[in-house]
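A short worksheet on the structure shown next.
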2 protein chains.
Amino acid sequence: MTLATPEAARPYHHGDLSRALVDAARRILETDGPAALSLRAVAREAGVSPAAPYHHFKDKSQLLEAVAHEGWVALDAALMKARQDSDDDRQRMTNLGVAYVSFARDNPALYRVMYDRSRDKDALPDQMKEEGAYCQVRNTIAHAAGSGVSEIDLELATIAAWCAAHGLAEMSGFKQFTQLKALLGGEEAFLKAVFDHLGMFAKLDRG
Amino acid sequence: MTLATPEAARPYHHGDLSRALVDAARRILETDGPAALSLRAVAREAGVSPAAPYHHFKDKSQLLEAVAHEGWVALDAALMKARQDSDDDRQRMTNLGVAYVSFARDNPALYRVMYDRSRDKDALPDQMKEEGAYCQVRNTIAHAAGSGVSEIDLELATIAAWCAAHGLAEMSGFKQFTQLKALLGGEEAFLKAVFDHLGMFAKLDRG
DNA sequence: GATGTTATCTAAGCGTCGTTCAGATGGATC
DNA sequence: GATCCATCTGAACGACGCTTAGATAACATC
């Protein structure tokens, strides 16, 4: 019940405790939310003593860092998938946005850990900018904008889109919007409508 | 050094402890950040025992609720001020956005408490929708859009603008953007450029 | 195969936290 | 002046993050 991997009973030195700890943390996040995520609880869930994690992570925040990293990887995958099934550039951007917010809706605790860590460090993960989700959005915008757009405008448009998606991801579940969602015919229609209004191609539309 | 109000020494039953506690909490937030904001620290700062706050607030989250409320009121005021000094509608929206993000930059800990509380309740404060900052944004958009815009479009545009501002507020301090900021000539130019790209009037521009 | 080294884990403890409860204190009411 | 009630204190509980000292077992060397 407390074992991370369903392997043989007690591998003495456990074999791969760091892995098991991260898994345990994600399990606690999913079932009981971020408030329940204490280091002691993670150790309990993994079946080890409260001090054991300190041989694999400097402190609690470093464990959360590892958890957050897996979150960003998962978000990468989700956006990658959303980017593929569409041909129209504008629609592709909307799909990306919807996929982003959906990821946050489906993994609220994980998403929160990801941004809590980012805010503590005052930075997104480095990989984001080079080969990660952030880069996917920029590439999509670049493709839509063509060759006439400047580097700076490209960067600004990416930031604008990303900020909007993040803001919507944090707020789309708020009670204030339930009525409007129903009026528009559901969650997804609501998200699409907001992204439509956001006009991630605003500058391009204006010329 | 620990007195909330510089009044006479020890008003026995303190006089107005709830007020003093909220003040103490805000003082701790400003100086030491959200991580240092424990109930015991607040009580210490206010010069009372750790149990005293429980006669004025049901628990810690209720004290934070009161702190957050003052934050929203302050944000109201900041947006109200920003809305006034401008005549062009488009520029007025940009001013609102810049004022919003600036508020978050100048009161990072307070802003974090405000949204942490909101996310825990899955709702923005009720007053926001009726007479608060959120309503100010909607009114400004309504004024800009004229009488031809539908209620739904108005609401969607407000949500889009608000989400974008919130996202930018949480991320504008990230290290990834420092280079771009310098290139554009400072923080405010950066914010204006992003809001320009966001095109809060995207739908209107397209017709 | 015995020995020593090193990584891994446990037990116990420190200080802090949120919260509760029994009792002290004192302002207000009659 | 006695009573009442809101307010405050002191002490305690369990849980937390983290440290330290010591046990355990995998591994490398001879």
Side-chain angles (χ1 to χ4, degrees), chain A residues 2-5 7-25 27-29 31-68 109 112-113 116-117 120, chain B residues 2-5 7-25 27-29 31-68 109 112-113 116-117 120:
Chain A
T2 59
L3 256 185
T5 49
E7 283 187 79
R10 296 304 111 98
Y12 334 107
H13 274 194
H14 196 291
D16 192 359
L17 186 53
S18 1
R19 177 70 265 149
L21 288 170
V22 174
D23 288 343
R27 231 173 306 137
I28 292 175
L29 269 182
T31 57
D32 300 327
L37 190 67
S38 69
L39 242 191
R40 294 177 106 106
V42 171
R44 230 154 24 220
E45 171 77 14
V48 293
S49 84
Y54 287 91
H55 294 271
H56 300 269
F57 300 98
K58 189 176 138 285
D59 53 19
K60 182 185 179 183
S61 83
Q62 200 165 99
L63 170 59
L64 293 188
E65 185 73 43
V67 172
R112 196 147 167 180
V113 168
D116 281 349
R117 287 296 306 146
D120 285 344
Chain B
T2 59
L3 255 185
T5 49
E7 283 185 79
R10 298 303 110 102
Y12 344 105
H13 275 194
H14 196 287
D16 192 359
L17 186 52
S18 0
R19 178 70 264 150
L21 288 171
V22 174
D23 287 344
R27 230 172 306 135
I28 292 175
L29 270 182
T31 57
D32 300 326
L37 190 66
S38 69
L39 242 192
R40 294 179 106 106
V42 172
R44 231 152 26 218
E45 171 79 15
V48 293
S49 84
Y54 287 91
H55 294 272
H56 300 270
F57 299 98
K58 187 177 141 286
D59 53 18
K60 184 185 179 182
S61 83
Q62 199 165 99
L63 169 60
L64 293 189
E65 184 73 44
V67 173
R112 196 148 169 179
V113 168
D116 280 350
R117 287 297 304 147
D120 285 347

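Below, chain A is the first sequence line, B the second, and so on; all start at residue 1.
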Given that A:His55 and A:Arg40 both sit by DNA chain C, which one's nearest nucleotide is further toward the 5' end?
A:His55
So, do B:Leu37 and B:Leu64 sit near enough that their side-chain heavy atoms are less than 4.5 Å apart?
yes
Among C:dC21, C:dA11, C:dT19, the one nearest any side-chain atom of B:Asp59 is C:dT19
Look at the side chain of B:Lys60 and decide which nucleotide, out of D:dT9, C:dT19, D:dG17, has an atom nearest to it.
C:dT19
Nearest-Å distance for atom pair CG/C1', residues B:Leu64 and C:dG18
12 Å
Sugar-phosphate, base or nothing in reach of B:Ser38, heavy atoms under 4.0 Å:
sugar-phosphate
Between atom CG in A:Leu37 and atom C1' in D:dG17, what is the gap in whole Å?
13 Å
OP1 or OP2 of C:dT16 less than 4.0 angstrom from a side-chain nitrogen or oxygen of B:Arg44, does that happen here?
no
Tell me whether A:Arg112 is salt-bridged to B:Asp120, with the criterion being a basic N under 4.0 Å from an acidic carboxylate O.
yes
I'd like to know if B:Asp23 pairs up with B:Arg27 as an ion pair, taking the criterion as any Lys NZ or Arg NE/NH1/NH2 lying under 4.0 Å from an Asp or Glu carboxylate oxygen.
no
CD1 of A:Ile28 versus C1' of D:dA15: gap in Å, rounded?
14 Å
A:Val42 pairs by side chain to side chain contact (heavy atoms under 4.5 Å, CB included) with which of A:Val67, A:Val22, A:Ile28?
A:Ile28
Using whole Å, what does the distance between atom P of nucleotide C:dC9 and atom CZ of A:Phe57 come to?
11 Å
Under-4.0 Å side-chain N/O to phosphate OP1/OP2 contact, A:His56 with C:dC9:
yes
Could you state the CG-C1' distance from B:Leu63 to C:dG18, rounded to the nearest angstrom?
13 Å
Residue of the set A:Leu63, A:Leu39, A:Asp59 for which side chain to side chain contact (heavy atoms under 4.5 Å, CB included) holds with A:Pro53:
A:Leu39
In whole angstrom, what separates B:Tyr54's OH from C:dT19's C1'?
4 Å
Using whole Å, what does the distance between atom P of nucleotide C:dT19 and atom NZ of B:Lys58 come to?
8 Å
Nucleotide D:dC18, atom C1' - distance to CG of A:Leu39 in whole Å:
9 Å
